[in-house]
2 protein chains.
Amino acid sequence: MPIDWEQLRIEQPALGPIPVILRDAARIRVFKKGQLLYRRGQLPEAMLCVLSGEIRLVRHAPGGAEIVLQRSRSGFVAEASLDAQTYHCDVVAATDGRLLLFPRFAFQAALENEPVFNRAWINLLAREVRRLRAKGELLSLNSAAARILHYVEAEGSDGAIILNQTRKSWAAELGLTHEVLYRTLRQLRERGGITIEGERITLCAPRVPYDPDHPGEKDQSGWDPLPQMPGGGGASPAGGIDGPDQPRRPGRREQSGG
Amino acid sequence: MPIDWEQLRIEQPALGPIPVILRDAARIRVFKKGQLLYRRGQLPEAMLCVLSGEIRLVRHAPGGAEIVLQRSRSGFVAEASLDAQTYHCDVVAATDGRLLLFPRFAFQAALENEPVFNRAWINLLAREVRRLRAKGELLSLNSAAARILHYVEAEGSDGAIILNQTRKSWAAELGLTHEVLYRTLRQLRERGGITIEGERITLCAPRVPYDPDHPGEKDQSGWDPLPQMPGGGGASPAGGIDGPDQPRRPGRREQSGG
DNA sequence: GGTGGCATATGATTCAAATCACACGCTGGG
DNA sequence: CCCAGCGTGTGATTTGAATCATATGCCACC
């Protein structure tokens, strides 16, 4: 099956720097939901890039509970297996989909022989580190408002963002229910902390309303339009090695087997 | 000030592969709490490795709220600035401490001229991606018990782990308060889901107790010793692009300015 | 020995997100 | 046109973690 690299490059810009020699070695693999693609302990033979569907790296706890270590619906996954002797977990298909496989030896050779590709790979990894670190910070925030603020500031420009997804999927990205996202957006809007124009969300500086009828009076509403962000005092988000200023709140509903 | 590389290598194994030419170019910079080390928009001139203290990458929202994008108490930070034209945020010292600086041009040269270092850097980034992805999965879990299970399975071996930190700092790493960590550990222990021997924590398979006095009866406690892990049905942790099976619960206490 | 600081641990209360329930609008397919 | 599915949005209730409060033990320092 020939691979339409022009189309792939459009769907996944990260594939742009893949050199010709690696393209020629690549293969597409179709997978079905539930399929075990690679077993823990197995020698990795390919680098994996998800084209469609979802791939997960999982381990099984005693009793069979499934621990998801990574998941991807698009882009590379299990990057660390480039030089690993074995997979440290199972590679499982969570849905139907397609994988782009690069033989590992060819990937390694390309990193050695193609300086442009080498640098591009380093950049891709470094940017993923950056993205994941910001995400970890966001997920460590305790309130919905703080998360919204963090997201708009971090992902947008100049305190504004144009959303390119549904509110529901945005809520998921923020680790929130859609209900609390709607509520919090409304609260923030009503308090003047943000403005919403269609898909554009803009953070606003706190207003100190000047009422010409009552000069000298300040807004006594007792509530800033934007939440104060925690962490100023030295908070370490989850993963820190010292005490938390503001530890994370995980969910509820232990989903017991009872 | 000469740099004791033997000592550094012990403290930070990641510095092991740094080639001599880079070592010779490295400098130690002492920083004070509150110091602005690099300003957003500035051209990055060095790669940064935190030796002590804490460094943060921050942006400021309208109104002055500080958005933490990354933080590090040990190891590299702002890796993506290797090829960036500008810093996309401020680099700030959250505490007193020390930074190891590698001139960017020297770092780039070493990546080009030292194949062993090049490969080591790629590995370091890939492993950091792996670590951060697992952390994101953990932080997306809703319950304390699920987080504990995830951590032990992901960070330990064969369903067991020997903790090398205080319970308090472990709680922070899990994004929990220490109170809920203690409680949940006790619950899990009482239900036979885990065993705790000093610093060693082991996951146990669920028991179906066989009571010889009442053959045929099953445990009716209504509660599995280990929590069922969410996500089996296709959950996408925060950051996903589709709906959540189990969105994250951020904290409470908006820390309003009121 | 006394004191302070911090870790370990527990109980009571508070709190905001999750959950549950529902309404309405839009779109695609029959 | 009707229906199903999904997004947008809101209100009521439940829930488990966060917060608050406290006790005890350990260790370092004076």
Practice item. Find out whether B:L15 and B:C49 are in side-chain contact, i.e. whether some heavy atom of one side chain is under 4.5 Å from a heavy atom of the other. Key: yes
Study note, to complete from the structure: Atom CG of A:L185 and atom P of C:dA17 are separated, to the nearest Å, by 12 Å
Review point. Do A:R183 and D:dG11 have a side chain to base donor-acceptor pair shorter than 3.5 Å?
Key: yes
Check your understanding: Rounding to a whole Å, what distance do you find between B:Q187:CD and C:dA9:C1'?
Key -> 14 Å
Review point. Between D:dT10 and A:Y182, is there an OP1 or OP2 to side-chain N/O distance shorter than 4.0 Å?
Key: no
Exercise for review: Quickly work out the A:R189 CZ to D:dG9 P distance and round it to whole Å.
Suggested key: 8 Å
Study note, to complete from the structure: Rounded to the nearest 0.5 angstrom, the CD-CD1 distance for B:E6 and B:I3 is 13.0 Å
Check your understanding: How close or far is atom C1' of C:dT8 from atom CG of B:L176, stated in whole angstroms?
Key -> 16 Å
Review point. To the nearest angstrom, how far is A:E190 atom CD from D:dG9 atom C1'?
Key: 13 Å
**Study point:** d(CD1, B:I196; C1', C:dT8) in whole Å
**Key:** 12 Å
Review point. What is the distance, rounded to the nearest whole Å, between atom CD1 of A:I201 and atom C1' of D:dT8?
Key: 13 Å
Practice item. Whole angstrom is fine here: how far is it from NE2 in A:H178 over to C1' in C:dC24? Key: 13 Å
Review point. Shortest non-hydrogen contact from B:R130 to A:A80?
Key: NH1-CB, 3.9 Å
Review point. Which nucleotide in the set D:dT10, D:dA17, C:dT10 lies at the smallest distance from any side-chain heavy atom of B:S143?
Key: D:dA17
Check your understanding: What's the closest nucleotide to the A:E179 side chain, out of C:dA9, D:dT10, D:dT19?
Key -> D:dT10
Exercise for review: Taking all non-hydrogen atoms of both residues into account, name the closest pair between B:D96 and B:K33 and its distance.
Suggested key: OD1-N, 2.7 Å
Practice item. With heavy atoms under 4.0 Å as the rule, sort B:R186 into base, sugar-phosphate or nothing. Key: sugar-phosphate
